[in-house]
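Start at 1 with the first residue, then count along the sequence.
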Amino acid sequence: MSTRSTANGTVNGTVNGGISFWYAQEGAAAPREPLPGDTTADVCIVGGGYTGLWTAYYLKKAVPFLDITVLEASFCGYGASGRNGGWLYNGIAGRDRYARLHGHDAAVRLQQAMNDTVTEVVDVCAAEGIDADIHRGGVLEVALSPAQLARLRDFHTVEAAFGEKDRELYGARETAARVRVTGAVGSSWTPHGARLHPVKLVKGLAAAVEALGVTIHESTPVTEIRPKHAVTPYGTVRAPYVLRCTEGFTASLSGQRRTWLPMNSSMIATEPLTDAQWDSIGWDGLETLGDMAHAYMYAQRTADGRIALGGRGVPYRYGSRTDNDGRTQPQTVDALRDILVRFFPQLAGVGIAHAWSGVLGVPRDWCATVTLDRSTGLGWAGGYVGSGVATTNLAARTLRDLIQQDSGQTGPTELTALPWVNHRVRKWEPEPLRWLGVQTMYAAFRAADRREATSRTTATDRIATVANRLSGR
């Protein structure tokens, strides 16, 4: 069982671990009591991150008399919800596959739902008084080589075909007018995105859920989920509906070791930059910033004037193991610093205040899903592949609708008809195959990025093309 401790190591002025920079800055909420023993509920939600808390919020708002219990192994937001890059944006894992399986129009409806979800989160935060440092500056994704620029243009065209008519394509000069990324030759910008503070959101959401009358038990790891039962060391919760909302920690549950792979992602946060440094960079629109590399990066300009930047680092630990309170390998910190300096050489001497890591859930076909098994009352949502800050909200509203439909309170809705609902996927390969596969895939992506950086061709490197096909991405 994880602990609430935020003990960390400090090397050369960089705090390593302690869950995340967001927790170091904001602090953890007062601990909630563990489950006191056997009990019952109308709905039991396993996992106190964004998915579980949003689901509790929307269910309780829709049906106030429901008795809802949330069980969290550590504390709310311990996982990806408290460690992510703060990208509230409209990306969803698996949309292109859903287009192939269910048709283009179905995937367009899914994309429009994601576009609307960005607004939904912003509006709920305003209504509930959750100050999560939200700034709706959109998402800027840049290209730094001919091959990246070709992918960027293809990406831009595809996004427009899925309904993003308000997306804009920029050349080098227009890109620099937004953010002066050294070597950027083009970019694509969408307004459907915002920067936020992940921990402020999760703490505010948990408080809002409790204010509605939902019970949250922390320090209560669920060891087994079966129909109408969530089993913990302290007792069992019996409920007609048991919802698994555990994302990257799903592999720790009995029988779920190969369901979703816990992919590792790491981040750094700089010391606050000076006004002169910001003047040299621009970034006045506070866009979230990404690139078109195969082993891509993601970044934001924080409310207190830092750059928080992330990437894959060590992508996967053998046997689906998860990290220890966010500690990050020194070589990963160095690699992320290298990305920062490559983008902004003028920051070569800036201090790195904090480094941390966390896990996200990756299904074998890289498709996010939301499911309710009407025969058992078991439901789940996740497999967001790193795009969960907004997708968790859409998943939660969909779970709400599925439960209301199953209980006879409503009929089918627009959300229950989306193509990701009740999508099934095969399990990951057993070890050592999945470890070898993931390590090989990311080694290939990094090799492809290095080759593309020095190449004049616009073609995607064949190493990355083969890796994508073999991985099922």
Side-chain angles (χ1 to χ4, degrees), residues 4-29 75 77-87 131-135 137 179-182 195-203 264-284 286-291 297-314 323-359 389:
R4 183 175 288 270
S5 170
T6 57
N8 53 62
T10 302
V11 180
N12 297 326
T14 299
V15 177
N16 191 333
I19 314 301
S20 71
F21 164 75
W22 312 116
Y23 273 112
Q25 186 181 57
E26 178 67 11
F75 58 89
Y78 174 82
S81 298
R83 309 190 198 193
N84 63 80
W87 274 43
D131 182 2
D133 294 341
I134 296 175
H135 181 88
V179 186
R180 287 187 282 280
V181 175
T182 298
R195 172 217 70 189
L196 57 74
H197 190 297
V199 166
K200 289 183 179 180
L201 174 58
V202 77
K203 288 175 66 175
N264 194 60
S265 198
S266 301
M267 293 196 71
I268 57 173
T270 69
E271 297 289 353
L273 304 189
T274 65
D275 290 343
Q277 286 170 323
W278 282 121
D279 287 344
S280 71
I281 292 171
W283 213 342
D284 296 331
L286 308 186
E287 303 91 342
T288 55
L289 178 66
D291 70 357
M297 57 77 69
Y298 52 92
Q300 67 150 284
R301 177 175 175 170
T302 68
D304 65 340
R306 306 169 190 263
I307 294 177
L309 181 149
R312 279 294 177 261
V314 177
D323 66 276
N324 180 23
D325 285 354
R327 286 186 176 273
T328 302
Q329 293 186 333
Q331 58 266 39
T332 297
V333 180
D334 292 341
L336 293 175
R337 172 186 270 282
D338 288 345
I339 295 173
L340 174 73
V341 175
R342 189 187 323 138
F343 273 51
F344 308 112
Q346 62 270 48
L347 301 184
V350 74
I352 303 301
H354 209 117
W356 70 99
S357 295
V359 292
V389 178

Main-chain N/O of Gly82 paired to Ser20 side chain as donor or acceptor, under 3.5 Å: yes
Inter-residue atom distance Thr328.OG1 - Leu336.CG, 0.5 Å rounding: 8.0 Å
Separation of Ile268 CD1 from Asp334 CG (nearest 0.5 Å): 9.5 Å
Euclidean distance, Arg327 CZ relative to Ile19 CD1, rounded to 0.5 Å: 10.5 Å
Distance-minimising heavy-atom pair for Glu271 and Val350: O-CG2, 4.3 Å
Asp133 vs Leu196, side chain to side chain contact (heavy atoms under 4.5 Å, CB included): CA-CA, chis, key distance, verdict: CA-CA 5 Å; Asp133 294 341; Leu196 57 74; 5.8 Å; no
Close side-chain approach of Phe21 to Val199, heavy-atom, < 4.5 Å: no
For Trp283 against Ala299, the heavy-atom pair lying closest together: CH2-CB, 4.1 Å
Heavy-atom pair with the smallest gap, counting every atom of Ser81 and Val202: CB-CG2, 4.2 Å
Donor-acceptor under 3.5 Å (Lys203 side chain, Gly77 main chain): no
Between CZ on residue Arg180 and CG on residue Asp279, distance to nearest 0.5 Å: 8.0 Å
Gap separating the CH2 atom of Trp87 from the CD atom of Glu287, nearest 0.5 angstrom: 11.0 Å
Minimum heavy-atom distance between Ser265 and Tyr298, given as atom pair plus value: OG-OH, 2.6 Å
Side-chain touch His197/Thr302, heavy atoms, less than 4.5 angstrom: no
Backbone of Gly17 reached by a side-chain donor or acceptor of His354 within 3.5 Å: yes
Residue pair Phe343 / Leu309, side-chain heavy-atom distance below 4.5 Å: no
Gln300 side chain to Gly85 backbone, donor-acceptor under 3.5 Å: yes
Min side-chain heavy-atom separation Met267-Arg83 under 4.5 Å: no
Value rounded to 0.5 Å, distance of CG in Leu273 from CG in Asp304: 10.0 Å
Non-hydrogen atoms of Asp284 and Arg301 that approach each other most closely: OD1-NH1, 3.9 Å
Non-neighbouring partners of His135 that pass ring-ring contact (aromatic ring centres under 6.0 Å, His included), sequence neighbours left out: none
Thr332 and Asn264: CA distance, side-chain angles, deciding distance, side chain to side chain contact (heavy atoms under 4.5 Å, CB included) verdict: CA-CA 11 Å; Thr332 297; Asn264 194 60; over 6 Å; no
Ile307 and Leu289, any side-chain heavy atoms less than 4.5 Å apart: no
Minimum side-chain heavy-atom gap Trp356-Asp325 below 4.5 Å: no
Exam field: side chain Arg195 to backbone Gly86, donor-acceptor pair closer than 3.5 Å: no
Distance-minimising heavy-atom pair for Gly326 and Asn16: O-OD1, 4.1 Å
4.5 Å side-chain heavy-atom contact, Thr182 and Arg342: no
Side chain to side chain contact (heavy atoms under 4.5 Å, CB included) evaluation trace for Leu201 with Trp22: CA-CA 11 Å; Leu201 174 58; Trp22 312 116; over 6 Å; no
Side chain to side chain, Leu340 and Thr270, heavy atoms closer than 4.5 Å: yes
